[in-house]
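Here the structure comes first, spelled out in structure tokens, and everything after it is commentary.
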Amino acid sequence: MKQGSFSKFALATAIALSLVGGAASARDSKKDEPKKEVLYPNATRSEPKLDLKSEKDQKAIQEGLDAANNGEKDKALQILTPIADGSGTSSKYAQALALQGIANLKYNDGDVKGAIVDLKKALDIGVMPNDTYFQLKYMYTQFLVADEQYAPALQSLQEWRAEGKKETADSYGLEGNIDYRLEKYPEAIAAITKAKSMPDAKPQGSWDQILAASYSETGQGDKAAALATEALAKNPNDATTLNNAASSLIQAQKYPEAIALLEKARSAGAFKDEKQYVNLAKVYLIDGQEHTDRQAANAAKAAAVLKEGFDKGVVQKTGENYNLLGDSYVTGDDMKNAVGAYTQAAAVATNGEPALKVARVQLQENQYSAAKKSATDAISKGVQHKGQAYMVLAEAERGLKNKAGAIEAMKKAAQDPETSAKANAWLKTAGTGK
């Protein structure tokens with residue numbers, strides 16, 4: 001949850017402050033004032049009686065909360081702390097308001113857990129008027145979401161709705177977010193759909209993101225793709241919306257549609273981040289794997305997209321990205337450029353995986369000395385499948401007519417459970433096996 005959502009907390013504080021002032025004005029003046037709108041007219045919770053009668057307490061809590069809302073942390077804490085712990089007042093209402101103000105300060109300082117504790121104490125005292133209580137209850141739910149306490153957040157939100165008897169679009173949007181985090185995807189779909197249908201709905205981009213993701217998780221890829229594409233039509237220049245639309249089409253296995261969408265955006269100069277270039281390259285390769293008649297052409301296009309990203313400085317020169325470039329060249333049977341890309345990946349990688357890919361390509365091209373060196377480098381830097389690396393080394397040694405070296409490497413491959421059967425079979429054929 002972004003800090004900007006804290007404005008609702010300030011609203012609840014303003015209501016509390018007006019009630020503090022109202023206690024004095026009701027006693028000092030009989031003038032009629034326009035009635036304020038009751039925000040929770042159907043609440044099942046009984047409206048408590050305020051016990052804030054001391055003018056000294058009223059002044060102190062007003063001053064403390066004003067300081068809290070104005071960001072005067074030290075002054076606010078000095079005034080509110082003794083009230084919050086009960087030593088500075090006999091009023092439970094003043095104590096609850098002080099706890100609320102301190103929670104406000106803690107949240108602004110990034111201490112969400114501390115804010116949750118103090119806000120719960122304020123609610124549990126049970127003396128807040130309904131309008132303030134339920135607004136703070138909703139705020140408490142948001143704090144739980146911010147702290148990733150999703151199950152308690154869902155329970156709190158359900159209590160807020162059941163006791164406050166209030167339904168809003170935002171509350172259903174919040175519920176959809178919580179359900180999604182809890183992997184309750186059908187419930188998330190229902191909640192977001194409800195939010196978008198409410199009279200007070202002001203649809204947010206995050207709602208459609210949650211809805212599309214929930215559709216995808218429940219096997220409704222077509223709905224996810226349709227929703228994401230519709231969102232992009234409304235915001236054609238938004239990078240996040242473009243990424244979401246492309247991802248939804250890819251997840252729905254609509255690869256040609258994803259390519260067309262991304263290429264249109266690239267031609268329009270809408271590619272602004274690395275993910276867009278990488279996604280387009282990947283979908284070209286995936287589509288090529290499924291349609292072998294255009295595999296070579298797609299591989300060339302994938303490589304061209306990545307090179308453009310590199311040249312523009314948008315795609316970072318990481319081992320992962322160079323590795324993808326190398327894969328593109330291999331798929332297109334361009335082994336010379338594949339070696340170059342994998343070599344660049346190996347230069348910046350923290351492990352030997354790219355070097356092993358270099359060795360495989362060199363071995364395929366009968367460059368045995370180069371393959372031996374690359375395989376040795378890969379093993380020294382560390383690879384996930386060590387047995388496979390030793391098998392590549394053994395084949396390079398065999399190509400160099402170094403039978404002893406080949407046997408030595410293959411014996412090491414035999415020590416890896418993943419390659420032991422194949423390596424032992426090779427060794428047996430070579431006359432050195434069991």
Side-chain angles (χ1 to χ4, degrees), residues 1-2 4-5 141-142 144-146 148 150-151 153-154 157-158 167-268 270-287 289-290 305 314:
M1 182 173 63
K2 295 181 179 179
S5 63
T141 302
Q142 291 179 306
L144 289 171
V145 172
E148 299 182 358
Y150 299 120
L154 182 59
L157 184 59
Q158 290 170 342
E167 294 188 342
T168 65
D170 281 346
S171 71
Y172 281 107
L174 181 61
E175 183 176 338
N177 181 22
I178 296 170
D179 284 332
Y180 178 76
R181 306 290 181 177
L182 291 171
E183 299 183 3
K184 300 173 68 172
Y185 304 119
E187 291 86 347
I189 291 170
I192 297 296
T193 301
K194 176 76 171 178
K196 295 175 73 173
S197 72
M198 297 289 287
D200 64 326
K202 295 179 180 177
Q204 303 171 24
S206 61
W207 292 1
D208 282 340
Q209 291 174 26
I210 292 168
L211 189 55
S214 298
Y215 278 141
S216 295
E217 294 289 350
T218 54
Q220 303 179 71
D222 286 349
K223 287 186 177 180
L227 185 66
T229 305
E230 178 185 335
L232 182 61
K234 296 176 182 176
N235 300 284
N237 298 317
D238 183 74
T240 300
T241 306
L242 172 61
N243 292 342
N244 289 338
S247 296
S248 294
L249 288 168
I250 293 169
Q251 289 173 9
Q253 298 183 3
K254 294 179 177 291
Y255 305 127
E257 292 89 339
I259 289 172
L261 178 73
L262 289 168
E263 281 292 10
K264 181 180 178 181
R266 184 164 76 110
S267 298
F271 271 26
K272 302 298 182 184
D273 63 44
E274 179 179 86
K275 184 176 181 179
Q276 292 156 345
Y277 282 99
V278 170
N279 275 349
L280 180 54
K282 286 181 177 179
V283 76
Y284 265 129
L285 294 178
I286 294 170
D287 183 63
Q289 289 172 356
E290 293 207 346
V305 166
V314 178

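Residue numbers count from 1 along this sequence.
Considering all non-hydrogen atoms of both residues, Ala153 and Thr141 come closest at O-CG2, 3.4 Å. Between Ser214 and Ala188, the shortest heavy-atom distance links the atoms OG-CB, 3.5 Å. Nearest heavy atoms, Ala151 versus Leu182: N-CD2, 3.8 Å. Closest approach of Ala225 and Ala252 over heavy atoms only: CB-CB, 4.4 Å. Taking both residues in full, the closest heavy atoms of Asp179 and Ala191 are given as OD2-CB, 4.2 Å, listed atom of the first, atom of the second, then distance. Residues Ala265 and Leu242 approach most closely at CB-CD2, 3.7 Å, considering heavy atoms.
Interatomic distance, Asp208 CG to Ile192 CD1, rounded to the nearest 0.5 Å: 8.5 Å. For the atom pair Asp222 CG and Leu227 CG, the distance stands at 12.5 Å (nearest 0.5 Å). We find the CZ-CG distance between Arg181 and Leu154 to be 14.0 Å, quoted to the nearest 0.5 Å. If you take CG on Leu262 and CZ on Phe271, they are separated by 4.5 Å, rounding to the nearest 0.5 Å. Separating the NZ atom in Lys254 from the OG atom in Ser248 is a distance of 11.5 Å, to the nearest 0.5 Å. With rounding to the nearest 0.5 Å, the separation of CD in Glu167 from CE in Met198 is 5.0 Å.
Ion pair Lys202/Asp170 not flagged as a salt bridge, since none of the NZ, NE, NH1 or NH2 atoms sits closer than 4.0 Å to an Asp/Glu carboxylate oxygen.
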side-chain contact (heavy atoms from CB on, under 4.5 Å) between Tyr255 and Ile250, worked out: CA-CA 6 Å; Tyr255 305 127; Ile250 293 169; 4.2 Å; yes
Derivation and outcome, side-chain contact (heavy atoms from CB on, under 4.5 Å), residues Tyr150 and Glu148: CA-CA 5 Å; Tyr150 299 120; Glu148 299 182 358; 3.3 Å; yes
Full working for side-chain contact (heavy atoms from CB on, under 4.5 Å) between Ser247 and Asn279: CA-CA 8 Å; Ser247 296; Asn279 275 349; 4.2 Å; yes
Test log, rule side-chain contact (heavy atoms from CB on, under 4.5 Å), inputs Glu175 and Tyr172: CA-CA 5 Å; Glu175 183 176 338; Tyr172 281 107; 3.8 Å; yes
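For the residue pair Glu263 and Tyr284, a side-chain donor N or O sits within less than 3.5 Å of a side-chain acceptor on the partner.
Among the candidates Gln220, Lys184, Glu217, the single residue satisfying the side chain to side chain contact (heavy atoms under 4.5 Å, CB included) test with Ile189 is Gln220.
For the pair Val314 and Lys272, the minimum side-chain heavy-atom distance is 4.5 Å or more.
Checking side-chain atoms of Gln276 against main-chain N and O of Asp273 turns up a donor-acceptor pair under 3.5 Å.
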